[in-house]
There are 2 protein chains.
Amino acid sequence: MKLQLQIKMNENLFLRNPELTELGRNIVKHGIQLISQNGFEAFTFKKLAEVIGTTEAGVYRYFENKHLLLLYIIAWYWGWLEYHIGFQTNNVTDPVVKLKKVIKLLATAVVDDSTTNYIDESLLHQIIISEGSKAYLTKQVGEDNKHQFFKPYKDLCAVIGDVILACSPKYKYPRSLATTIIEMAHFQNFFMNNLPSLTDFGKNKAESDIVLFLNDLVFSSIKKG
Amino acid sequence: MKLQLQIKMNENLFLRNPELTELGRNIVKHGIQLISQNGFEAFTFKKLAEVIGTTEAGVYRYFENKHLLLLYIIAWYWGWLEYHIGFQTNNVTDPVVKLKKVIKLLATAVVDDSTTNYIDESLLHQIIISEGSKAYLTKQVGEDNKHQFFKPYKDLCAVIGDVILACSPKYKYPRSLATTIIEMAHFQNFFMNNLPSLTDFGKNKAESDIVLFLNDLVFSSIKKG
DNA sequence: TCCTAAAAGATAGTATTACTATCATAAATA
DNA sequence: TATTTATGATAGTAATACTATCTTTTAGGA
């Protein structure tokens, strides 16, 4: 039997639910492909429409604009990752082991998850690295936040914060450390590949080194307090 | 006697050196104002031209496009900050004291520097927080890097890395820790003010708390190794 | 002081982007 | 089979991101 994973999405992200139709799924699927290929700035609904054989208007029926489409796929990714982390750390009782696992999952290339058939998680992971912060680094961040568009990210941050607290109940900055882990897992990866002198991973270019760095950073911080 | 600070800029950032003319200085000055007010996405050369009473073509004579103008002011900021840090930590021999000072300077609101008359550093600091990573999170990052547009950021990173090594000669990740300090000084600030549940600073919203967090993070990492 | 070159102003024009609107047709569903 | 609902086809608009050209100022040098 084939299982299908469904991520419950915030309905304000779209005009029409893209999961329910072929066209909608194509918009998401090829949207992810185009954004990861050409970057978010060069991405337009017109190009997307051409690729999937529909018209601009067709795309606009699903998403108000490309920023909302970006928020949609990013929210999807955080939702999926929280599920994925929960799945992978299930039955792990030791919070230290759990936190190490989380760091590894965050900092390591994602393998495509076959339980989500039209979404390529490894491309999504690349988008998170290169475009992720553009989701909130806008003037409308307050508005978008009111609509709860960042809830999946916040939820994941809370989950990681709880693991941190389980490791070290007196640690004072669980949320900020959680966002530091998440953001640095991605920024160090981007720097390693694009501006290597900003990191210590320029020679090897190995994600495993980022994991070592983050482990060192996190566990020295929470152990002493 | 009034001293004037000049930052040597990479000539490939502009078509005509904006420092040398009234119009050029106005482009930079009001560019900074508009970007900090409305955000980089909403910023256009047409609006800028209207504000300073020239035409779009006038602005295009100085900067090829708005991305280059962003790179220019960001490079200027990093250059200025490196100078500022050097000045403020001059005669500080203890590297731990020095590193603490650096963290404070990075994470604390900038006061306008009167030795740079047409540039408002506190607005620039806001731009770095909200738009800073857009400088390199693009598909042209490789090209821009070849032109050395990120040199000031890299130089600052190297300086901070050296202070870290002076504190702890065996520490393995001086560059990555330096970028972590820089990026987190800004991201935690942005989150604190816009998505507070991603941080532990939501109640106070005090920059001094970010400084405490970063000090804790940095010094527990480098002390033990 | 006049001359000249560089800078700025004025104006026009183009391709692309980011949409909105309308109407016809096809597909799904009741 | 009737009727929503989704899609396709086409058109149109305002704004963006430029490029081009020509004229007028302005500043500096001989």
Side-chain angles (χ1 to χ4, degrees), chain A residues 9 11-31 34-35 37-73 118 131 134-135 138-140 143-144, chain B residues 9 11-31 34-35 37-73 118 131 134-135 138-140 143-144:
Chain A
M9 298 298 293
E11 307 226 327
N12 293 309
L13 283 167
F14 49 77
L15 298 169
R16 183 173 296 172
N17 191 338
E19 291 172 278
L20 303 181
T21 64
E22 190 67 25
L23 179 58
R25 289 185 291 268
N26 268 322
I27 288 170
V28 173
K29 178 180 180 174
H30 291 91
L34 283 181
I35 293 172
Q37 260 169 52
N38 312 319
F40 185 64
E41 280 70 38
F43 171 75
T44 71
F45 277 3
K46 195 173 184 193
K47 291 176 193 165
L48 175 58
E50 272 160 30
V51 167
I52 61 187
T54 184
T55 57
E56 246 181 308
V59 182
Y60 277 105
R61 285 193 185 107
Y62 283 84
F63 292 99
E64 224 175 302
N65 53 54
K66 70 176 189 169
H67 183 241
L68 270 299
L69 174 54
L70 182 71
L71 291 182
Y72 178 91
I73 64 177
Y118 65 98
E131 324 286 348
K134 293 173 192 167
T138 68
K139 285 285 163 186
Q140 338 118 48
E143 275 303 300
D144 288 347
Chain B
M9 298 298 293
E11 307 224 329
N12 293 309
L13 283 167
F14 49 77
L15 299 170
R16 183 174 295 171
N17 191 337
E19 293 173 273
L20 303 181
T21 63
E22 188 69 25
L23 178 59
R25 288 185 291 269
N26 267 323
I27 288 171
V28 174
K29 179 180 180 173
H30 291 92
L34 282 181
I35 292 173
Q37 260 169 50
N38 311 320
F40 184 64
E41 279 70 38
F43 172 74
T44 70
F45 277 4
K46 194 173 185 192
K47 290 177 194 163
L48 175 57
E50 271 160 31
V51 167
I52 62 187
T54 183
T55 58
E56 245 181 308
V59 181
Y60 277 105
R61 287 195 183 104
Y62 283 85
F63 292 98
E64 223 175 300
N65 53 54
K66 69 177 189 168
H67 183 241
L68 269 300
L69 174 54
L70 183 70
L71 291 182
Y72 179 90
I73 64 177
Y118 66 96
E131 324 286 347
K134 294 172 193 168
T138 69
K139 284 285 163 185
Q140 338 118 49
E143 275 302 301
D144 288 347

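In the text below, chain A, chain B and the rest are named by the order of the sequence lines, each starting its count at 1. What you see is a predicted model, and the numbers here were worked out from it, not measured in a lab.
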### Query
Between Phe45(B) and Phe43(B), what is the ring plane arrangement, given parallel below 30°, perpendicular above 60°, and tilted in between?
perpendicular

### Query
Between Ile52(B) and Asn26(B), which heavy-atom pair has the shortest distance, and what is it?
CG2-O, 3.9 Å

### Query
For the pair made of CG in Leu48(B) and C1' in dT16(D), what is the distance, rounded to whole Å?
14 Å

### Query
Among dT17(C), dT7(D), dC19(C), which nucleotide sits nearest the side chain of Tyr62(A)?
dT7(D)

### Summary
Side-chain contact check for Thr54(B): nearest option of dG9(C), dT7(D), dG8(D) is dG9(C)

### Query
Rounded to the nearest Å, what distance is computed from the CD atom of residue Glu56(B) to the C1' atom of nucleotide dA20(D)?
13 Å

### Task
Identify the two heavy atoms, one from Val51(A) and one from His30(A), that lie closest to each other, and give their separation to 0.1 Å.
CG1-CD2, 3.7 Å

### Message
If I take atom CG in residue Leu20(A) and atom C1' in nucleotide dA6(D), what distance separates them, rounded to the nearest angstrom?
### Response
12 Å

### Query
With sugar-phosphate meaning primed atoms plus P, OP1 and OP2, does Thr55(A) contact a base, only sugar-phosphate, or nothing at under 4.0 Å between heavy atoms?
base

### Message
So if I take every side-chain heavy atom of Ala57(B) and compare against dT11(C), dA8(C), dA17(D), which nucleotide ends up nearest?
### Response
dT11(C)

### Evaluation steps, salt bridge (Lys or Arg N to Asp or Glu O under 4.0 Å), between Arg25(B) and Glu22(B)
CA-CA 5 Å; Arg25(B) 288 185 291 269; Glu22(B) 188 69 25; 3.4 Å; yes

### Message
Just the rounded figure in Å: distance from P of dA18(C) to NE2 of His67(A).
### Response
13 Å

### Task
Just compare dA7(C), dA18(C), dG8(D) and give me whichever is closest to any side-chain atom of Thr21(B).
dA7(C)

#### Entry: Ile52(A) CD1 to dA6(D) C1', straight-line distance once rounded to whole Å
14 Å

### Task
Select base, sugar-phosphate, or nothing to describe what Phe63(A) touches, counting heavy atoms under 4.0 Å on all strands.
nothing

### Query
Are any of the side-chain nitrogens in Lys139(B) or Glu41(A) under 4.0 Å away from the carboxylate oxygens of its partner?
no

### Query
With a 4.0 Å cut-off on heavy atoms, is Lys46(B) in touch with a base, just the backbone sugar-phosphate, or nothing at all?
nothing

### Query
Between Arg16(B) (CZ) and dT26(D) (C1'), how many Å, whole number?
13 Å

### Leu23(B) side-chain proximity, nearest of dT16(D), dT17(C), dG9(C)
dG9(C)

### Minimum-distance pair of heavy atoms, taken over all atoms of Met9(A) and Leu13(A)
CE-CD1, 3.9 Å

### Out of dT10(D), dT19(D), dA6(D), whichever nucleotide has its closest atom nearest the side chain of Tyr60(B)
dT19(D)

### Message
Mind checking if Glu64(A) touches a base, just sugar-phosphate, or nothing, with heavy atoms under 4.0 Å?
### Response
sugar-phosphate

## Note on the structure
Checking dT21(D), dA7(C), dT20(C) against the side chain of Arg61(B) (C-beta onward), the nearest is dT21(D)

### Message
Over all strands shown, is Phe45(B) touching base, sugar-phosphate only, or nothing at heavy-atom distances under 4.0 angstrom?
### Response
nothing

### Task
Round to the nearest Å and state the distance from Lys47(B) atom NZ to dA17(D) atom P.
9 Å

### Query
Rounded to whole angstrom units, what separation is found between the CG atom of Asn65(B) and the P atom of dT16(C)?
17 Å

### Summary
Residue pair Gly24(B)/Thr44(A) against DNA chain C: nearer the 5' end by closest nucleotide is Gly24(B)

